[in-house]
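Naming: A, B, ... by sequence-line order, numbering from 1 per chain.
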Amino acid sequence: MPELPEAETIVRDLQRKVTGRTITGTKVMHPDILGTQLTPPRLSRALKGKSIQRVERRAKKVVLRLTDELVLVISLGMTGRVVASKAERARDLRHVAVRFDLDDGSALLYDDARRFGSIEVYTTERWQQRQTSLGVEPLSDDFTAERLVAMTRTSISPIRNWLLDQTRVSGVGNIYAAEALYRAGVRPTRRANTITRAEAARLRDALREVLIASIEARGTSISDYRDVDGVEGGFAARLYVYDRAGLPCLKCTTPIKRVVFTNRSAFYCPQCQK
DNA sequence: AACGCGCCCTGTCCGC
DNA sequence: TGCGGACAGGGCGCGT
């Protein structure tokens, strides 16, 4: 579920709420969301007494920088939520997998119905190493049209699949791939290496615009996504194509198409996207 | 090497 | 009301 804007929304809230807090305890209800090698006692031992120095985002991941060069990385999978225990809506959480107790008496809850998410602990060095397999951040200055063109030349994959591959551009998922391709006027089925320079320039701009607009709206809540206070994001109302199969295109009224490939739905306007 | 598939797991919705 | 199937913001490991 959560893509870059949802992770970014969670991170910004956590920066305010938990920066400077110390982890006093960890309770694991569903050990299967821990990374391989990591067991509940190991997690507990690693985190106890560590303070949260900074909260960052990398791709779709929530990254907590702790004292002693430790990095706590939360991948949200499809249904992962990070919710403050104080949030009134915390009562709605029916699938809490891990609870992090903090020194102010509050707690952070990781809730995940499908348990596709994961929680991992790295040293700063190992996290640095791990990040090398994640592609360029689409909101960074490094993400230029030139670079996008160069990266797509060697790929015969449909551009939608290409965008979902986190090793080239990171943070884009199925919703924002669909929305950016709509805004850029490019069909999701187009082979990456057939994207023209002009299309790549539009796609680069569209990706940044849609990601920024969604961050401003605090993310997209189709069904599961909630912020740290348990509140839905507002961007679902601003989607042009995602989850709008059969509904009229908001620019030309042509019915939006849904096609399935690589086991995932893609949505597009057959009139506006070529 | 790059690509697509199957699978991980639970919940919801829709047709019968 | 129950039941089966399709589907869901992700990503890993595998075979080709």
Inset, instruction - Let me see the working for A:Thr19 and A:Arg16 under side-chain hydrogen bond (donor to acceptor under 3.5 Å, both in side chains), right down to the final yes or no. - result: CA-CA 6 Å; A:Thr19 302; A:Arg16 282 190 298 104; over 6 Å; no

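- Using N1 to N3 plus N6-O4 or O6-N4 for Watson-Crick, or N1-O2 and O6-N3 for G-U wobble, each under 3.5 Å, C:dG9 pairs with nothing.
- For the OP1/OP2 pair of C:dG10 and a distance below 4.0 Å, the side-chain nitrogens and oxygens of A:Lys60 include at least one atom meeting the criterion.
- Here A:Arg115 reaches the OP1 or OP2 of B:dT10: one of its side-chain N or O atoms lies under 4.0 Å away.
- Contacts between residues 176-190 of chain A and DNA chain C, defined by a heavy-atom separation below 4.0 Å, involve no residue at all.
- A continuous path of ILVMFWY side-chain contacts below 4.5 Å connects A:Leu64 to A:Val28, so both sit in one hydrophobic cluster.
- Using atom P as the reference point in both B:dC5 and C:dC7, the two lie 15 Å apart (nearest Å).
- A:Arg168 has a side-chain polar atom (N or O) that falls below the 4.0 Å cut-off from OP1 or OP2 of B:dC3.
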Legend entry - Test side-chain hydrogen bond (donor to acceptor under 3.5 Å, both in side chains) applied to A:Asp227 and A:Thr9, step by step: CA-CA 7 Å; A:Asp227 70 15; A:Thr9 300; over 6 Å; no

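- The phosphate of B:dA2 (OP1 or OP2) has no side-chain N or O of A:Ser157 nearer than 4.0 angstrom.
- OP1 or OP2 of B:dG11 has at least one side-chain nitrogen or oxygen of A:His95 nearer than 4.0 Å.
- Using a distance-only test at 3.5 Å, with no hydrogens or angles considered, a donor-acceptor pair links the side chain of A:Arg160 to the main chain of A:Phe261.
- Taking every heavy atom of residues 255-268 of chain A and every atom of DNA chain C, pairs under 4.0 Å involve A:Arg258, A:Arg264, A:Ser265, by number.
- Taking a pair to require two hydrogen-bonding distances under 3.5 Å in either a Watson-Crick or a G-U wobble arrangement, B:dC9 remains unpaired.
- Across all strands shown, A:Ser75 has no heavy atoms under 4.0 Å from either base or sugar-phosphate atoms.
- Regarding contacts with the backbone of C:dG11, every side-chain N or O of A:Ser118 stays at 4.0 angstrom or more from both OP1 and OP2.
- Annotation: cation-pi pair A:Lys251/A:Tyr240 present, NZ/CZ under 6.0 Å from the ring centroid and within 45° of its normal.
- Lacking a ring centre under 5.5 Å from that of the base six-membered ring together with a plane angle below 30°, A:Phe116 does not count as stacked on B:dC9.
- For a distance-only test at 3.5 Å, the side chain of A:Ser223 fails to qualify as a donor-acceptor partner of the base of B:dG11.
- Looking only at atom types and distance, the side chain of A:Ser155 has no donor-acceptor partner in the side chain of A:Asn193 under 3.5 Å away.
- Glycosidic torsion of C:dG9 falls within 90° of 0, placing the base in syn.
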